[in-house]
Protein chains: 2
Amino acid sequence: MSNQSSKGAILFSSTTFTENEWVSRIKALAPDREIFTEPHPSVEYAFLWKHPHGQLKDLPNLKVLFSLGAGVDHILSDKDIPNLPIVRAISDNLTARMSEFVIWHVLDHHRHGAFYRQNQRDNHWKDIGYQPAAHQIKVGILGLGELGRDAALKLNNIGFEVSGWSQSQKRIEHVTCYAGRENLPSFLSELDIVVCLLPHTPETENILDKELFSHLKTSGPLGAPYLINAGRGALQNEDDIVEAINASILSGASLDVFQEEPLAADHPFWQMPNVTVTPHIAADSDPDALLLKIIEQIENFEAGKELVDLVDLKRGY
Amino acid sequence: MSNQSSKGAILFSSTTFTENEWVSRIKALAPDREIFTEPHPSVEYAFLWKHPHGQLKDLPNLKVLFSLGAGVDHILSDKDIPNLPIVRAISDNLTARMSEFVIWHVLDHHRHGAFYRQNQRDNHWKDIGYQPAAHQIKVGILGLGELGRDAALKLNNIGFEVSGWSQSQKRIEHVTCYAGRENLPSFLSELDIVVCLLPHTPETENILDKELFSHLKTSGPLGAPYLINAGRGALQNEDDIVEAINASILSGASLDVFQEEPLAADHPFWQMPNVTVTPHIAADSDPDALLLKIIEQIENFEAGKELVDLVDLKRGY
């Protein structure tokens with residue numbers, strides 16, 4: 001390519017995203033840059049979603065790694081990644097989509113969606129009777145980063161009593177914030193609905209297990225507590241969730257993520273009456289909005305400005 | 001009763017509410033007042049929900065009529081009601097409950113609840129693909145009283161683009177407000193989701209009919225527009241709704257109220273795949289909260305203060 005652009009070239013690499021669609025989008029937004037889909041010495045920026053591991057180790061001009069989603073576990077699990085800045089895709093759009101999903105499932109549980117849908121299938125007009133208002137329901141959010149904070153504020157605006165838990169202490173108006181493992185049991189002991197928006201790190205892996213469920217209260221205005229996981233599948237012990245629901249320790253769960261995706265067709269979750277399965281759609285971000293933000297970051301970086309939304313390697317997210 | 005209280009007596013009258021439950025609640029909140037369940041000359045206040053018509057005409061000491069719900073059509077349709085102030089039950093609780101319901105159904109349509117539930121029944125992992133964000137969806141609210149205003153603000157807080165229509169011009173931050181019949185077509189022509197929270201008056205009866213649907217756009221990010229009616233069953237022409245859905249003029253509907261309640265077991269709505277039926281549960285208010293507010297109004301009234309939440313008989317709500 002003799003007519004090579006002077007602007008830094010891009011590598012797009014994903015084992016799961018449709019390559020030609022994504023390359024077209026990137027070309028449309030960055031027409032003045034070369035785009036590669038295989039490793040090439042000239043690439044300066046890598047756009048990654050579940051890339052083939054090992055692929056990035058000998059790229060002499062590589063400067064920044066961009067994740068094409070909020071999670072970066074797919075990058076950090078590659079033992080051969082170069083020691084370069086890693087940027088997560090945090091767009092307003094992605095945050096807003098996640099809050100939509102969380103509010104949708106909190107309300108569907110709170111307002112007894114499953115009960116009314118079953119009655120509709122039976123042509124049966126029946127009021128469930130006592131209906132607690134949102135302000136009587138305690139929703140707790142595991143993870144108070146951008147996503148957790150936005151969901152907490154919006155749930156509170158609808159009327160729910162909201163608390164949250166995170167590794168480091170946060171402050172959010174009208175939201176009771178707990179921090180550190182030692183405060184996890186007291187945080188959990190009050191909740192009617194547990195929403196998990198944690199990142200996947202060695203510390204959070206399998207955190208949604210029988211030990212955690214043992215700290216939940218046994219009943220409340222909606223019965224036993226309800227679990228919503230829209231974080232990562234690796235956060236949940238699925239056998240423990242099935243067992244907790246069968247033992248009425250949990251009244252049910254809305255799960256968008258799973259240990260293995262797609263969820264196997266014979267997994268018990270599909271047909272459990274108190275489980276809602278969605279196929280990892282909580283916060284599909286608009287690809288153009290996400291790419292536009294990455295391209296802007298590159299332009300700023302080339303103009304000497306600092307990168308934002310950087311991964312903290314010590315925390316792992 | 002020789003030991004009659006000096007405080008004004010109460011008549012409780014309803015053909016649908018469970019009498020002994022309600023009388024117990026009123027007694028607990030107003031232990032110093034006599035409570036009647038049949039007309040009696042000494043009653044000063046009537047607590048009404050679908051009372052037997054004609055019952056109120058010869059009560060010499062009656063001073064105020066209280067509706068035990070937001071609607072007052074059940075009182076105004078009694079040709080024998082005395083010319084007295086009528087107070088609607090508008091509690092923060094009722095308003096909040098209605099917004100919960102509206103947000104729940106807006107999100108369930110926006111996030112394709114029916115699609116994902118069908119796939120779950122088939123153990124089928126499938127992403128619907130393109131997913132517009134809330135800010136790409138135009139939600140329009142028919143009726144901008146307390147209920148409509150609260151729902152509009154909360155939907156906007158989640159990200160939806162919200163507009164509203166009412167008889168008289170309103171102003172709500174971030175919400176485009178239309179007023180008057182002449183502006184109804186332009187209001188409707190932009191919407192992806194139509195939420196009806198109108199009161200039932202002669203002007204609004206049957207407003208949700210084929211003439212109104214004819215002003216809707218034919219497609220948008222979610223396909224044809226979707227209808228949510230949580231106002232009154234008398235607002236909707238049910239044959240026209242069935243026809244509009246079958247003709248894909250509407251993509252579906254969430255209906256909480258019906259021309260006749262309970263909805264007949266053989267009504268087509270029950271089994272239409274794009275219709276969600278709930279049994280008039282959108283805003284069941286907490287009876288104690290509602291009664292407490294009425295008792296407080298009575299105490300204020302007896303202390304010479306003005307009644308609030310009065311029905312405007314000229315408007316009819």
Side-chain angles (χ1 to χ4, degrees), chain A residues 92-94 96-97 99-101 103-108 110-114 116-117 119-136 153-154 157-160 256 258 261-267 269-271 275-286 289, chain B residues 92-94 96-97 99-101 103-108 110-114 116-117 119-136 153-154 157-160 256 258 261-267 269-271 275-286 289:
Chain A
D92 294 348
N93 189 56
L94 184 135
R97 304 313 309 276
S99 292
E100 292 165 18
F101 182 91
I103 296 165
W104 174 31
H105 286 275
V106 165
L107 282 172
D108 196 63
H110 169 219
R111 298 302 303 259
H112 298 286
Y116 289 117
R117 285 188 292 269
N119 284 337
Q120 180 173 352
R121 283 194 286 275
D122 299 339
N123 295 30
H124 186 43
W125 179 276
K126 185 173 166 53
D127 186 332
I128 202 165
Y130 173 65
Q131 252 300 354
H135 68 86
Q136 296 167 267
L153 288 169
K154 287 174 177 170
N157 187 251
I158 294 169
F160 291 99
D256 185 54
F258 301 90
E261 296 179 5
L263 185 65
D266 61 354
H267 197 288
F269 282 154
W270 290 110
Q271 297 302 326
V275 173
T276 297
V277 171
T278 49
H280 205 145
I281 50 87
D284 275 0
S285 56
D286 174 4
Chain B
D92 294 347
N93 190 55
L94 185 134
R97 305 313 309 276
S99 292
E100 292 165 19
F101 181 90
I103 295 165
W104 175 31
H105 286 275
V106 165
L107 283 172
D108 196 63
H110 170 220
R111 299 301 302 256
H112 297 286
Y116 289 117
R117 286 189 291 270
N119 284 337
Q120 180 174 352
R121 282 195 285 277
D122 299 339
N123 296 29
H124 185 42
W125 178 277
K126 185 174 164 52
D127 186 332
I128 202 165
Y130 173 64
Q131 251 301 354
H135 69 84
Q136 296 166 269
L153 288 169
K154 287 173 176 171
N157 187 251
I158 294 169
F160 291 99
D256 186 55
F258 302 90
E261 296 179 4
L263 185 66
D266 62 354
H267 197 288
F269 282 155
W270 290 111
Q271 297 303 325
V275 173
T276 296
V277 170
T278 48
H280 205 144
I281 49 87
D284 275 359
S285 55
D286 174 5

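Quantities reported herein were computed from a predicted structural model and do not represent experimental measurements.
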**Message:** On a heavy-atom basis, which atom in A:Ala133 and which in B:Asn93 lie closest, and how many Å separate them?
**Reply:** CB-OD1, 3.4 Å

**Non-hydrogen atoms of A:Thr276 and B:Gln120 that approach each other most closely** = CA-OE1, 3.5 Å

**Message:** Quick check on the interface: out of A:Val106, A:Asp127, A:Asp122, who has the most heavy-atom pairs with chain B under 4.5 Å?
**Reply:** A:Asp127

**Request:** Check whether any side-chain heavy atom of B:Trp270 lies under 4.5 Å from a side-chain heavy atom of A:His124, and answer yes or no.
**Result:** no

**Fill in**
Most heavy-atom pairs under 4.5 Å with chain B, out of A:Arg117, A:Glu261, A:His112, belong to A:Arg117

**Flag side-chain contact, heavy atom, 4.5 Å: A:Ile158 against B:Ile158** = yes

**Contacting region of A:Ala114 [heavy-atom separation from chain B under 4.5 Å]** = neither

**Item:** Any side-chain donor near an acceptor of the partner, A:Gln271 and B:Arg121, under 3.5 Å
**Value:** no

**Prompt:** Considering residues at least two apart in sequence or located in another chain, which fulfil the side chain to side chain contact (heavy atoms under 4.5 Å, CB included) criterion with B:Leu153?
**Reply:** B:Arg149, B:Ile172

**Fill in**
For A:Arg97 and B:Gln131, the nearest pair of non-hydrogen atoms, with its separation, is NH1-O, 2.9 Å

**Asked** Side chains of B:Arg111 and A:Ile281: closer than 4.5 Å at any heavy-atom pair?
**Response** yes

**Message:** Looking at every non-hydrogen atom in both residues, tell me the closest pair between A:Thr278 and B:Tyr116 and how far apart they are.
**Reply:** CG2-CB, 4.2 Å

**Request:** Output all residues satisfying ring-ring contact (aromatic ring centres under 6.0 Å, His included) with A:Phe101, sequence neighbours left out; order by chain, then residue number.
**Result:** A:Trp104, A:His105

**Request:** Identify which of A:Ala96, A:Ala134, A:Ala289 forms the greatest number of heavy-atom pairs closer than 4.5 Å to chain B.
**Result:** A:Ala134

**Asked** With side chains defined as the heavy atoms from C-beta onward, is the minimum distance between B:Ile103 and A:Ile103 less than 4.5 Å?
**Response** yes

